[in-house]
Amino acid sequence: MNDKTLQDAIVIASYGIQCRIETADKSLLRAKSLKSAGKTLCGDRVKYKTEQNNEIVITEILPRTTILSRLNNLNPKPKQIASNIDQMIIVISVTSSIKFGLIDRYLIAAAFSGFNPVIVINKIDTIEPQALDAVKQAMQIYADIELPLFYMSAINNIGIDSFLSVTENKTNIVVGQSGVGKSSIVNAILPSMPAITKEISESNNKGKHTTTTAYLYDIPNNGKLIDSPGIREFGLWNIEKNDLAKGFTEIQHTGEQCKFRDCSHHNEPGCAVVAAVKAGNISQKRYDSYLSIFESLDT
Ligand code: GDP
Ligand code: ZN
């Protein structure tokens, strides 16, 4: 499309046909998609024009690089929540023992959604240096598979600079269990309450925070954050047993050497993964996690 009247914007909140966009000069506008463009998602890059009556109309949604979907127990079709997310920040806290299985589930979700995973270990101010060393040692299995790990204290501003550099120029989501410090991290990187937040609490009517509606915020490092309480609890969606290895980069990679192409890495002859676990080249913990998640999948 070469129409000179068309301009670029990004959808910061979508209500289906209606949405809020942020224009190149950072103005927030109400807009409406044309039928031919379809419903927008938060994070969509769009083309828009201003009609004579000053209505803002979205004429085209540019191709999405990734889509964040969420499974609803009552509806087998995943609901699309947001688009063009580059990175998933998985937050854990040192105040309880590390839940490796949970981290692995987030990593699977990231792999299947096409998001780059980053792990943040928060609340390091609450433990002694020796205990922190033990945590670092335990987390080495993730460093070994080249996952970026960040140690933080959101309330003491420790590690915020590294966090800002890893989120720079990227569209990020923050996930993790309740209480690990996700809101505190978000507050630390979004110093002033963005204008959209007020609208959210009004439009969510009655100040309920259970909505899955996603909102896109600008981080002051040219990065973006897509957030909503629904997203933060985002979990694993339905994948098939046969595909599970794609969520474990090292198992997937080593699995290419297995004798059988459809090897499930249990006890098949010539399984390179089992051999790598025995040789200590794949972490036993990660392998056990693979087996346990494999068992939990239906098909
Ligand atoms: P969320 O449920 O993951 O969004 O967690 P919150 O951000 O609401 O934090 C839960 C509790 O942990 C709050 O009482 C925070 O003040 C506290 N908290 C968050 N980050 C830190 C941290 O780095 N250190 C300490 N000591 N407390 C923290
Ligand atoms: Zn195998």
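For ligands, and for the atoms within them, numbers begin at 1 and follow the listed sequence.
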Is there side-chain contact between [X] and [Y], with at least one heavy-atom pair below 4.5 Å?
| X | Y | answer |
| --- | --- | --- |
| L225 | T167 | no |
| K123 | S96 | no |
| Q80 | R64 | yes |
| D125 | N156 | yes |

query: What count do you get for protein N/O/S atoms less than 2.8 Å from the Zn ion (ligand 2)?
result: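 Considering protein N, O and S only, the Zn ion (ligand 2) has 4 within range.
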
query: Less than 3.5 Å between some nitrogen or oxygen of I124 and one of ligand 1, yes or no?
result: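 I124 vs ligand 1: no N/O contact under 3.5 Å.
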
query: Counting both backbone and side chain atoms, is some N or O of M152 under 3.5 Å from an N or O of ligand 1?
result: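 Between M152 and ligand 1 (N or O atoms, distance only) the closest approach is not under 3.5 Å.
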
task: Check each atom of ligand 1 against the heavy atoms of Q177 and keep those under 4.0 Å away; list them by number with element.
output: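 What qualifies from ligand 1 is 3 (O).
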
query: Should the proximity of N122 to ligand 1, defined as any heavy atom under 4.0 Å, be assigned to the side chain, the backbone, both, or neither?
result: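 For N122, the contact with ligand 1 is made by the side chain alone.
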
query: Considering only heavy atoms, does T126 approach ligand 1 within less than 4.0 Å through its side chain, its backbone, both, or neither?
result: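 The part of T126 near ligand 1 is the side chain, not the backbone.
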
Test ring-ring contact (aromatic ring centres under 6.0 Å, His included) applied to H266 and F294, step by step: CA-CA 10 Å; H266 280 68; F294 190 97; 4.5 Å; yes

field: Residues E268, K259: salt bridge by 4.0 Å N-O rule
entry: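 Looking at E268 and K259, the cut-off is not met.
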
query: So between G159, S184, A154, whose heavy atom ends up nearest atom 7 (O) of ligand 1?
result: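 Nearest option to atom 7 (O) of ligand 1, by heavy atoms: S184.
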
- prompt: Does NZ in K241 sit with more than 12 non-hydrogen atoms of other residues, nucleotides or ligands closer than 6.0 Å?
  reply: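 For K241, atom NZ is crowded (more than 12 foreign heavy atoms under 6.0 Å).
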
field: Step-by-step side chain to side chain contact (heavy atoms under 4.5 Å, CB included) determination, L216 to K224
entry: CA-CA 7 Å; L216 180 140; K224 296 180 191 309; 3.8 Å; yes

